[in-house]
Amino acid sequence: MGSLGTVLERLSGLFSKYFLVADYFPVLIFLGVNGYYLYCVNLTFHQAVGQDLTKETFQTVGVLIAAGVLAFLLSTMSQALREALENPWFLPQKLRKEMETQRLEERASWDDQLEQMRRARLQFIRDQASWDALLRQARQIGETLKTTNAYSTPSSFDSLLLRFRRGEQPARDDIDSVVTQFADLLRANNPSEKDSAVPPKRTPNAASLDSDEVRFRNFLQTLPNRSESEAFSLYNRLQLNFARNQIAATRMGNIALSVQGYFTSRYSLNFNFFWTRIQQVLQKEDKFFDVLQAAKAQLDFHVALFWLLFLFAVVWTPCSALWSFSIWLLAFAVIGAPLAAWMFYELAVQSYRAYADLLRTTVDLYHFNLLNSLHIRHPASIDDERQVWIAINQWLGLGDYRDVEYSSSPAPVRSGAAGTP
């Protein structure tokens with residue numbers, strides 16, 4: 001273990017921490033699992049791995065060096081491996097079409113839910129005025145009564161508020177029914193009834209009715225906010241998981257499309273073309289660039305382990321069946337490795353969402369810095385900026401002639417902010 005720690009310390013000085021996380025450690029894990037598997041099934045390899053300290057040291061160093069070489073090769077393929085999960089060209093065309101159809105149906109379902117939430121919010125806002133007027137009128141009638149207040153909190157009232165506190169959004173008809181019931185109670189009982197004490201105090205039933213009315217009004221005022229919050233949450237899910245006018249077969253593919261779709265709709269900016277230039281600008285922003293690199297390393301780590309575990313299953317499953325390995329080794333190759341690969345794919349999807357959100361933040365914060373680095377004047381408005389990016393893309397990306405106005409001394413932009421033109 002001492003030699004392992006020493007070699008890892010030396011490697012950390014040679015390679016960046018992001019290379020170690022994204023490429024080296026996945027390869028080291030892969031080699032370790034394969035080595036243990038081979039140790040269990042191959043007598044020659046089992047005997048070759050002795051307990052001599054010197055031999056063990058050389059073996060450890062050799063494995064770590066081999067892992068470094070393989071990790072470097074893996075790092076050169078990280079983009080291709082991620083793109084293979086975004087756009088799985090190796091899948092049959094029919095299967096890809098079916099997967100795209102599923103993603104389309106999922107996006108359509110979310111769109112329908114979002115539209116229903118928006119309509120529900122508008123309906124609650126309209127209903128608020130009529131419910132408030134009904135309760136106010138009922139209270140005015142109740143305050144004229146001289147009869148004894150016999151109010152007690154109805155069970156439907158407590159049930160409605162309890163469901164709402166648990167996160168459920170009650171149906172409009174249920175709310176309307178309770179409002180009508182509560183208005184009848186306000187008409188039949190005086191919420192301002194006083195006792196005969198000196199000075200007079202509000203009777204317990206009147207105090208209970210008044211308190212329930214306050215709680216009920218607060219509940220009715222909160223209804224649109226709950227609907228709005230749920231709509232925002234679903235809208236953010238849509239933005240992070242899907243592009244508006246494009247669809248891919250896989251979840252990772254749709255996340256990738258959503259990034260480009262975000263910049264197209266907000267800035268008319270070709271993100272894929274300008275990303276290299278943005279990274280050059282970001283290197284001056286050490287803290288944010290480190291956060292972005294760490295998120296990318298985490299994504300690459302999960303993607304690498306997915307493919308390495310997939311490779312392990314592909315290689316060792318037929319070998320285990322052909323050479324009659326133990327049932328436990330066969331089960332690990334056939335079931336364990338694919339399950340682990342699926343787990344790392346799910347983690348990769350989550351990591352990609354976080355990384356995609358950081359990419360959006362990057363351009364939102366530093367798009368003026370990019371204009372500064374290109375010596376392009378700052379736009380005066382959002383529409384003006386869209387036209388600027390369209391012109392720059394046609395000029396640099398497509399090679400078409402477009403006249404773009406230079407700025408000899410771009411306005412300074414504060415670190416980490418979009419600045420003001």
Side-chain angles (χ1 to χ4, degrees), residues 16 18-19 22 75 78-80 82-83 86 236 239-246 252-300 351-421:
S16 72
Y18 305 118
F19 171 80
S75 68
S78 60
Q79 180 75 16
R82 190 171 75 245
E83 289 179 352
E86 295 172 3
N236 289 334
Q239 291 291 300
L240 287 173
N241 289 280
F242 290 103
R244 173 52 53 188
N245 299 315
Q246 294 176 289
M252 290 187 67
N254 284 296
I255 293 171
L257 290 176
S258 74
V259 175
Q260 178 58 57
Y262 178 86
F263 298 118
T264 301
S265 62
R266 270 66 170 184
Y267 302 104
S268 294
L269 186 149
N270 186 345
F271 175 77
N272 293 328
F273 177 79
F274 285 104
W275 175 234
T276 304
R277 295 158 179 79
I278 295 173
Q279 290 185 81
Q280 181 65 30
V281 172
L282 282 179
Q283 290 181 10
K284 301 176 183 178
E285 310 292 338
D286 294 338
K287 292 183 179 179
F288 189 87
F289 189 67
D290 282 346
V291 171
L292 192 64
Q293 288 290 92
K296 183 178 181 299
Q298 185 181 62
L299 170 61
D300 289 343
S351 299
Y352 208 173
R353 290 194 187 105
Y355 180 58
D357 192 44
L358 279 174
L359 293 179
R360 293 179 177 87
T361 304
T362 298
V363 177
D364 288 341
L365 294 180
Y366 298 105
H367 58 118
F368 279 137
N369 299 59
L370 178 58
L371 287 175
N372 283 352
S373 67
L374 296 172
H375 296 280
I376 305 297
R377 69 169 181 85
H378 284 188
S381 66
I382 294 175
D383 287 337
D384 188 19
E385 182 175 8
R386 290 194 179 103
Q387 295 305 313
V388 168
W389 286 118
I390 290 174
I392 294 175
N393 183 60
Q394 290 180 332
W395 166 44
L396 294 177
L398 302 178
D400 295 339
Y401 174 76
R402 288 296 299 267
D403 190 21
V404 182
E405 184 177 343
Y406 281 124
S407 175
S408 57
S409 56
V413 178
R414 291 178 297 174
S415 176
T420 55

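All of these numbers come straight from a predicted model, not from anything done at the bench. Only heavy atoms go into these numbers, but all of them, side chains included; no hydrogens, no water, no symmetry mates.
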Chemist: More than 12 foreign heavy atoms under 6.0 Å from CD1 of I382: is that the case here?
Modeler: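 Not buried by this count: 12 neighbours or fewer within 6.0 Å.
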Chemist: Is the shortest side-chain N to carboxylate O distance from D383 to R386 below 4.0 Å?
Modeler: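 Salt bridge between D383 and R386, a charged N being under 4.0 Å from a carboxylate O: yes.
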Chemist: Is a side-chain donor or acceptor of Q260 paired with a backbone partner of N272 at a separation under 3.5 angstrom?
Modeler: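 Present.
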Chemist: Could you pull out the closest heavy-atom pair between V281 and S373, with the gap in Å?
Modeler: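 Heavy-atom minimum between the residues: CG2-OG, 3.7 Å.
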Chemist: Over all heavy atoms of both residues, which pair between V259 and A356 is shortest? Give the atoms and the distance, please.
Modeler: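 The pair with the smallest heavy-atom distance is CG2-CB, 3.5 Å.
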Chemist: Indicate yes or no: at least one non-hydrogen side-chain atom of N372 is less than 4.5 angstrom from one of H378.
Modeler: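 The answer is yes; the side chains approach within 4.5 Å.
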Chemist: Are any of the side-chain heavy atoms of W395 and D400 separated by less than 4.5 Å?
Modeler: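 A side-chain contact under 4.5 Å is absent here.
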Chemist: For S351 versus L299, what's the shortest heavy-atom pair and its separation?
Modeler: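 So the minimum-distance heavy-atom pair works out to CB-CA, 3.9 Å.
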Chemist: Report yes if some heavy atom in the side chain of N369 is under 4.5 Å from a heavy atom in the side chain of I278; otherwise report no.
Modeler: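 The answer is no, as the side chains (C-beta and beyond) never meet within the 4.5 Å cut-off.
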Chemist: Taking all non-hydrogen atoms of both residues into account, name the closest pair between L282 and F289 and its distance.
Modeler: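 Residues L282 and F289, closest heavy atoms: O-CB, 3.5 Å.
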Chemist: When rounded to the nearest 0.5 angstrom, what distance separates CD1 in I390 from CD in Q387?
Modeler: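 One finds 4.5 Å between CD1 of I390 and CD of Q387.
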Chemist: Kindly indicate whether the side chain of I255, heavy atoms from C-beta on, has any atom under 4.5 Å from the side chain of Y355.
Modeler: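 Counting from C-beta outward, I255 and Y355 never come under 4.5 Å.
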Chemist: Test S258 against every option in Q239, R353, R360 by the side-chain hydrogen bond (donor to acceptor under 3.5 Å, both in side chains) rule and name the one that passes.
Modeler: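 The residue from Q239, R353, R360 that satisfies side-chain hydrogen bond (donor to acceptor under 3.5 Å, both in side chains) with S258 turns out to be R360.
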Chemist: Which distance, rounded to the nearest 0.5 Å, do you find between the CD1 of I392 and the CG of L374?
Modeler: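 With rounding to 0.5 Å, CD1 (I392) is 6.0 Å from CG (L374).
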Chemist: Roughly how far apart are L371 CG and R377 CZ, rounded to 0.5 Å?
Modeler: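 So the CG of L371 and the CZ of R377 are separated by 9.5 Å.
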Chemist: What's the shortest heavy-atom distance between L358 and L292, and which atoms?
Modeler: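 Heavy atoms of L358 and L292 come nearest at CB-CD1, 3.7 Å.
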Chemist: Run the numbers on F288 and Y366 for side chain to side chain contact (heavy atoms under 4.5 Å, CB included), then give the verdict.
Modeler: CA-CA 11 Å; F288 189 87; Y366 298 105; 3.7 Å; yes
Chemist: Just checking, is any N or O donor in the side chain of D364 or Y262 under 3.5 Å from an acceptor N or O on the other one?
Modeler: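 Short answer, yes.
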Chemist: Verify the neighbour count for atom CZ of R244: are there more than 12 heavy atoms of other residues, nucleotides or ligands below 6.0 Å?
Modeler: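 Count not over threshold, so no.
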Chemist: How long is the span from the OG1 atom in T264 to the CG atom in N393, to the nearest 0.5 Å?
Modeler: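 Reported value, rounded in 0.5 Å steps: 9.5 Å.
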Chemist: Working to the nearest 0.5 Å, report the span between CZ of F274 and OH of Y267.
Modeler: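 Answer for the CZ-OH pair, F274 versus Y267, is 14.0 Å.
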Chemist: How far does CG of D300 sit from OH of Y352, to the nearest 0.5 angstrom?
Modeler: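 Answer for the CG-OH pair, D300 versus Y352, is 10.0 Å.
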Chemist: Where do F273 and L398 land on the side chain to side chain contact (heavy atoms under 4.5 Å, CB included) test, with the steps shown first?
Modeler: CA-CA 10 Å; F273 177 79; L398 302 178; over 6 Å; no
Chemist: Could you tell me which non-hydrogen atom of N241 sits nearest to which non-hydrogen atom of N254, and how far apart they are?
Modeler: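 Heavy atoms of N241 and N254 come nearest at O-CB, 3.0 Å.
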